[in-house]
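Report on the following structure.
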Amino acid sequence: MRKDYYKTLLTEFKNGSVKRFTSLEGNNLGKEVLFENSFTGKVLEENLTPPVHLVLFGAGHVGKALYALARLQDISVTVIDSRKEILLEEDFPNANLIQVNYDDLSSLKLDIYNPYFCIFTHGHSGDKACLEWCLKQNSEYIGMIGSKGKVRATFDKLLKEGYSEEELSKVHSPIGLKIGGDTPQEIAISIMAEIIQTYSSKPNRSVIDIPLLNTISNTEGVICRIISKKGSAPRQIGTTMFVTKDKVYSTIGGGALEKRVIEDALSLKDDVLLKEYRLNPQGDLNMICGGDEEILFQRVN
């Protein structure tokens with residue numbers, strides 16, 4: 001496979017998820033096309049997407065609680081607030097912190113992939129200004145805090161300014177799933193639940209890390225991707241690992257399966273191979289978890 005194909009993916013990811021079709025049989029085994037399927041026969045269809053990057057407009061109590069939940073899941077976070085005194089690294093370690101006035105967001109530029117926007121500033125005018133900015137971005141999720149009445153009032157103002165009902169219908173507001181509770185921590189749980197529901201409901205979703213894509217686009221090695229699974233195999237279809245002669249990047253689940261796949265990648269003689277692994281105690285790997293997986297090996301050079 002060509003490295004420039006993965007560089008194209010990096011570019012396309014700036015516009016959101018990308019459909020990928022991979023041929024799984026015949027002379028086209030392992031060949032891939034983006035956007036529209038041009039293969040006949042058995043094909044894997046994926047909605048490729050980078051991991052979620054949370055963008056929090058508001059560094060108050062809800063923002064802090066949601067940040068903590070995001071970090072538990074290794075989700076990257078950017079926190080934006082107009083108040084320097086609460087935008088503190090000690091409250092948001094490892095986050096990207098941006099101070100900007102909500103009434104002048106024209107200077108705000110975010111160079112990130114797959115942003116999920118959560119709006120809970122300290123005033124309704126700030127919420128409205130941030131929502132207007134978010135509506136102009138490519139995003140799978142925009143959520144804004146507020147009561148139904150205040151949300152409706154904000155939407156009415158935006159409708160008068162030229163926004164459409166269709167645009168506003170995509171906004172999750174009031175933000176979060178209805179689970180009860182009213183503390184910042186409980187609100188954060190409801191928001192995170194809605195975020196998980198949003199990204200996990202996308203059909204044929206396959207997540208691939210940007211650092212992994214960068215490595216693949218600049219390094220020779222073998223891509224190992226889960227194509228199908230049965231039973232209790234641990235990782236989802238589309239999960240990708242990259243094996244070079246010196247290092248292994250990412251994981252397809254660890255354990256005996258991963259060890260065998262790495263060995264097979266390092267000894268791969270062809271440019272492409274589709275191989276089935278039996279994980280149950282009666283299979284060739286003698287794993288307790290059971291199930292079967294098919295792994296597609298693709299050489300990158």
Side-chain angles (χ1 to χ4, degrees), residues 1-22 32-35 44-56 66-67 69-80 92-98 108-118 134 136-142 192 195-196 198-227 235-244 246-254 258 262 265 296-301:
M1 296 188 67
R2 296 178 302 168
K3 297 174 187 175
D4 57 358
Y5 162 79
Y6 284 91
K7 292 178 181 178
T8 299
L9 268 182
L10 282 168
T11 301
E12 294 296 339
F13 271 163
K14 286 293 186 180
N15 299 317
S17 62
V18 178
K19 279 190 175 295
R20 177 171 70 178
F21 300 89
T22 306
E32 300 173 347
V33 293
L34 302 179
F35 307 116
L44 174 66
E45 177 182 345
E46 298 168 280
N47 281 306
L48 281 182
T49 179
V52 167
H53 186 125
L54 277 191
V55 180
L56 312 182
L66 188 56
Y67 168 80
L69 287 178
R71 294 310 301 151
L72 281 175
Q73 300 172 80
D74 275 339
I75 296 175
S76 297
V77 182
T78 293
V79 185
I80 300 169
F92 303 97
N94 302 313
N96 179 31
L97 306 182
I98 300 176
L108 180 59
K109 308 293 181 185
L110 297 181
D111 185 22
I112 60 176
Y113 294 88
N114 201 17
Y116 272 45
F117 298 115
C118 300
C134 292
K136 298 172 184 175
Q137 316 303 313
N138 289 316
S139 178
E140 295 180 351
Y141 180 89
I142 302 174
M192 183 57 70
I195 288 169
I196 294 171
T198 299
Y199 68 65
S200 63
S201 64
K202 196 173 186 68
N204 306 317
R205 181 175 183 266
S206 293
V207 178
I208 185 163
D209 289 332
I210 297 302
L212 179 60
L213 271 182
N214 277 317
T215 298
I216 293 173
S217 64
N218 291 286
T219 313
E220 293 188 359
V222 177
I223 295 169
C224 310
R225 179 158 43 119
I226 299 175
I227 295 301
R235 292 298 178 106
Q236 297 301 312
I237 291 173
T239 301
T240 299
M241 179 174 70
F242 187 54
V243 179
T244 73
D246 301 315
K247 189 174 180 179
V248 176
Y249 298 85
S250 193
T251 177
I252 56 168
E258 185 165 303
I262 292 170
L296 179 65
F297 296 83
Q298 298 163 294
R299 188 180 302 281
V300 178
N301 47 37

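Numbers for residues simply follow the sequence, beginning at 1. Just so you know, these numbers use all the heavy atoms, side chains as well, and skip hydrogens, waters and symmetry mates. A quick note: this is a predicted structure, and the numbers were derived from the prediction, not measured.
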Parallel, tilted or perpendicular, as decided by the 30° and 60° cut-offs, for the rings of Phe13 and Tyr113: perpendicular
Nearest-0.5 Å distance that lies between atom OG1 in Thr239 and atom CD1 in Ile226: 4.5 Å
Heavy-atom closest pair, residues Arg20 and Tyr5: CD-OH, 2.9 Å
Atom pair CG (Leu212) and CD1 (Ile223), whose distance is rounded to the nearest 0.5 Å: 8.0 Å
Point-to-point distance, once rounded to the nearest 0.5 Å, from CD1 of Ile112 to CD1 of Ile210: 11.0 Å
side-chain contact (heavy atoms from CB on, under 4.5 Å) assessment of Ile98 paired with Leu110: CA-CA 10 Å; Ile98 300 176; Leu110 297 181; 3.6 Å; yes
Thr11 side chain reached by Lys14 side chain, heavy atoms, under 4.5 Å: no
pair Leu66-Met192: side-chain heavy atoms closer than 4.5 Å: yes
Counterpart residues, side chain to side chain donor-acceptor pair (under 3.5 Å), relative to Thr49 (two or more places apart): Asn114
Validation row: Leu54, Ile195 side chains within 4.5 angstrom (heavy atoms): yes
Side-chain donor or acceptor of Thr240 paired with backbone N/O of Gly238 under 3.5 Å: yes
Asn96 side, atom CG; Ile80 side, atom CD1 - distance, nearest 0.5 Å: 8.0 Å
Least distance between heavy atoms, Asn47 atom then Pro203 atom: ND2-O, 2.7 Å
Derivation and outcome, side-chain contact (heavy atoms from CB on, under 4.5 Å), residues Phe92 and Leu97: CA-CA 8 Å; Phe92 303 97; Leu97 306 182; 3.7 Å; yes
OG1-CG distance between Thr8 and Leu213, expressed to the nearest 0.5 angstrom: 11.0 Å
Side chain to side chain, Arg205 and Val207, heavy atoms closer than 4.5 Å: yes
Phe297 and Val243: CA distance, side-chain angles, deciding distance, side-chain contact (heavy atoms from CB on, under 4.5 Å) verdict: CA-CA 10 Å; Phe297 296 83; Val243 179; over 6 Å; no
Residues forming a side chain to side chain donor-acceptor pair (under 3.5 Å) with Thr78, sequence neighbours excluded: His53
Pairs satisfying side-chain hydrogen bond (donor to acceptor under 3.5 Å, both in side chains), at least one member in residues 207-225, at least two apart: Thr22-Arg225, Glu32-Arg225, Glu46-Arg225, Arg225-Gln298
Contact summary for Tyr141 and Ser139, nearest pair of heavy atoms: O-OG, 2.8 Å
Distance-only donor-acceptor check, side chains Glu140 and Thr198, under 3.5 Å: no
Close side-chain approach of Leu48 to Lys19, heavy-atom, < 4.5 Å: no
side-chain contact (heavy atoms from CB on, under 4.5 Å) assessment of Val300 paired with Phe242: CA-CA 10 Å; Val300 178; Phe242 187 54; 4.2 Å; yes
Shortest non-hydrogen contact between Ile237 and Ser206, atoms and distance: O-OG, 3.5 Å
Taking every non-hydrogen atom, the tightest pair across Cys134 and Ile142: O-CD1, 3.6 Å
Side-chain heavy-atom pair Ser17, Lys202 within 4.5 angstrom cut-off: yes
